[in-house]
Amino acid sequence: MNGPSAIVREASLLRRDRGFLTWVVVVLALASIAVLSGLNEVSHQRATLEKLLAADREDREDALAKQSDWGSAAYYSFHLTYDPPSDFAFAALGRRDQDPWKHRVRMLALEGQIYERDVGNPVLALIGRFDYAFFAAFVLPIVLIVLLHDLHASERIAGRHGLLVTTAGNASRPWRMRAALRSAAVFFAAALPLLVVSLNSGVSLLISGFALCALFVYVAFWTVLCTWIAAWERPSAVLLANSLGLWMLLAVLVPAAAKVTIDRLAPVPAGADITLTQREAVNDAWDLPKAATMDAFIERHPEWAEYTEMSRPFEWKWYYAFQQVGDQTTEALSGAYRQGRIERDRLAALVAWLSPPALLERVFQRLADTDVRASLAYEAEVRSFHAQLRAFFYQKMFRERPYDQTALKSLPEFAPSGVAP
């Protein structure tokens, strides 16, 4: 039989295959667990931010009310900076499990603050998070391998292989159809939870559509690969071993070898080294002549050259000047750290074309704004906000303006890109 009648017959056979139906249910369950786990984490992060924002404002207002000069106001006021999760972040949490996405900064040297992060979950550090991107990239191919590896072998063992080929009139048509139907069922079982949660979470149709297209292409890739291996005239166990070996190569060995190679090709300074260098520079400034600090500061900020005269042993403008000079001493290290991460990400993007699982994860992380670029963009926003704080207080301290609580209403407030202040 050919055409629609053959499809109906194969579909009817699949409906009676309890093993196949069990795997479809397993895929549906795992996909649901993955999206719900990601959704729960995103909800937790948003709830945390909501509480922190309220507490941050209250804490800052309370601290500012007790101050009597600009330097103290800058020293005791903290400001929450944050990178809120996107609507699609539930599908791929990406770098949010590794890179900091919130800080409490003040107008001290920034390098000692920007690399601070919360203590992570050691279990997540060991095995990673089970989000949808991980499920789709690494678990879904194993299910396809199990369902497709013995397409030919099982029929040979049952003695029906020759009859099926003769009846179909085409040696490959029955297997292509059977593989397509099995893979289609797996695809819909995996895609359904993602689609439902995306629609309920306000994810744009463009992002949802692109994610589903990426998933479809990925499933199609593994379907073709598994069907090709299944056609070999080998025992079922050998075919399964070959398919799993290929999965191991593409999903584990290539990414692991690539990471080692990329780390050597693109060395990156440690964030701890940057922080240590900055803190040593700040601590040493207490023992240096004030002129040495102010000269280094004015070299970068000549607009304050007329306001560097000091008549007291301690002045806030000198204190914050050497804080900024401390940051300036680490600019080379900090720049190398940023460029190193960019270069590593660029190389990883190239290598990902050799590892479809890694490529799919990168696609989902880009759609979710949880990749390296998103992490670097947030860091740039923190630096920009910190520069605004410095500009605000420098105007007051260097010009020795009288302290005015009402002027603090114009204090810069952090607003992440795309979020109104």
Side-chain angles (χ1 to χ4, degrees), residues 31 33-46 48-49 81-103 115 117-118 120-140 190 193-194 197-198 201-204 206-208 210-212 214-215 218 251-252 255-256 258-259 262-263 266 268 271 337-338 340-353 355-382 416-418:
I33 291 171
V35 295
L36 291 177
S37 174
L39 196 62
N40 181 66
E41 177 61 22
V42 167
S43 298
H44 173 71
Q45 291 183 8
R46 287 174 175 164
T48 298
L49 284 178
T81 64
Y82 57 98
D83 178 25
S86 68
D87 292 334
F88 195 63
F90 72 87
L93 290 163
R95 301 296 304 183
R96 295 183 72 85
D97 277 335
Q98 303 173 51
D99 296 340
W101 51 269
K102 62 183 185 298
H103 294 86
Y115 299 113
R117 65 189 68 190
D118 297 334
N121 187 326
V123 176
L124 293 181
L126 179 64
I127 64 174
R129 186 181 294 278
F130 184 72
D131 57 12
Y132 189 86
F134 178 86
F135 158 75
F138 296 97
V139 178
L140 209 54
L194 179 67
V197 174
S198 294
S201 300
V203 179
S204 71
L206 181 63
I207 291 178
S208 298
F210 201 99
L212 291 175
L215 181 64
Y218 188 69
V252 180
K259 184 181 185 306
I262 290 172
D263 287 351
V268 174
Y337 184 65
R338 177 181 174 82
R341 285 185 291 168
I342 292 174
E343 179 63 11
R344 284 185 176 182
D345 187 58
R346 185 188 71 81
L347 293 174
L350 294 176
V351 174
W353 290 99
S355 172
L359 182 61
L360 184 69
E361 272 208 314
R362 289 184 62 87
V363 169
F364 270 77
Q365 289 175 11
R366 181 83 289 271
L367 293 174
D369 275 335
T370 57
D371 59 355
V372 171
R373 282 186 287 179
S375 180
L376 290 171
Y378 164 62
E379 183 180 308
E381 289 179 346
V382 176
S417 59

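Values below: all heavy atoms of this structure, side chains included; hydrogens, waters and symmetry mates excluded. Numbers here simply count residues along the sequence, with the first being 1. The structure presented is a predicted model; accordingly, all values stated were derived computationally and were not measured.
Ion pair Arg341/Glu379 flagged as a salt bridge, since at least one NZ, NE, NH1 or NH2 atom sits closer than 4.0 Å to an Asp/Glu carboxylate oxygen. A salt bridge links Asp263 with Lys259: the closest approach of a Lys/Arg side-chain nitrogen to an acidic carboxylate oxygen falls below 4.0 angstrom. Contact check on Arg362 versus Asp345 returns a salt bridge, with a Lys/Arg side-chain nitrogen under 4.0 Å from an Asp/Glu carboxylate oxygen. Of the charged side-chain nitrogens involved, none lies within less than 4.0 Å of a carboxylate oxygen, so that Lys102 and Asp83 do not count as a salt-bridged pair.
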From CA spacing to verdict: side chain to side chain contact (heavy atoms under 4.5 Å, CB included), Trp101, Leu49: CA-CA 10 Å; Trp101 51 269; Leu49 284 178; 3.7 Å; yes

Verdict with reasoning, Asp99 to Leu376, per side chain to side chain contact (heavy atoms under 4.5 Å, CB included): CA-CA 9 Å; Asp99 296 340; Leu376 290 171; over 6 Å; no

Residues Glu41, Arg96; criterion side chain to side chain contact (heavy atoms under 4.5 Å, CB included); working and verdict: CA-CA 10 Å; Glu41 177 61 22; Arg96 295 183 72 85; over 6 Å; no

Stepwise side chain to side chain contact (heavy atoms under 4.5 Å, CB included) test for Phe210 and Val363: CA-CA 9 Å; Phe210 201 99; Val363 169; 4.1 Å; yes

Derivation and outcome, side-chain hydrogen bond (donor to acceptor under 3.5 Å, both in side chains), residues Asp369 and Ser86: CA-CA 7 Å; Asp369 275 335; Ser86 68; 5.2 Å; no

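Here the shortest heavy-atom pairing between Gly202 and Asp87 reads O-OD2, 3.5 Å. The nearest pair of heavy atoms linking Pro255 to Ala251 is CG-O, 3.4 Å. When all heavy atoms are compared, the tightest approach of Val351 to Ala258 is CG1-CB, 3.2 Å. The minimum heavy-atom distance linking Pro193 with Ala31 is given by the pair CG-CB, 3.7 Å. Here the closest non-hydrogen pair linking Leu39 and Ser201 is CD1-OG, 3.7 Å.
The backbone N or O of Ala92 lies less than 3.5 Å from a partner atom in the side chain of Thr370, making a donor-acceptor pair. In terms of modelled atom types and a separation under 3.5 Å, the side chain of Tyr337 and the main chain of Val268 share no donor-acceptor contact. The main-chain N or O of Ser37 is never found under 3.5 Å from a side-chain atom of Tyr132 such that the two would form a donor-acceptor pair. The closest donor-acceptor contact from the side chain of Arg95 to the backbone of Ser375 lies at 3.5 Å or more, if one exists at all.
Distance CZ/Arg344 to CD1/Ile262: 8.5 Å, rounded to 0.5 Å. Note that CG of Leu347 and CD1 of Ile342 are 12.0 Å apart. Values are rounded to the nearest 0.5 Å. How far CZ of Phe364 is from CG of Leu215: 5.5 Å, rounded to the nearest 0.5 Å. In this structure, CD1 in Ile207 is found 9.0 Å from OG in Ser198, a value given to the nearest 0.5 Å.
With contacts defined as side-chain heavy-atom distances shorter than 4.5 Å, the pair Leu93/Val42 qualifies. Side-chain contact between Phe135 and Leu194 is absent, with no heavy-atom pair separated by less than 4.5 Å. Between Phe138 and Glu361 there is a side-chain heavy-atom pair separated by less than 4.5 Å.
Taking the six-membered ring for Trp and the full ring otherwise, the centers of Phe90 and Phe88 sit less than 6.0 Å from each other.
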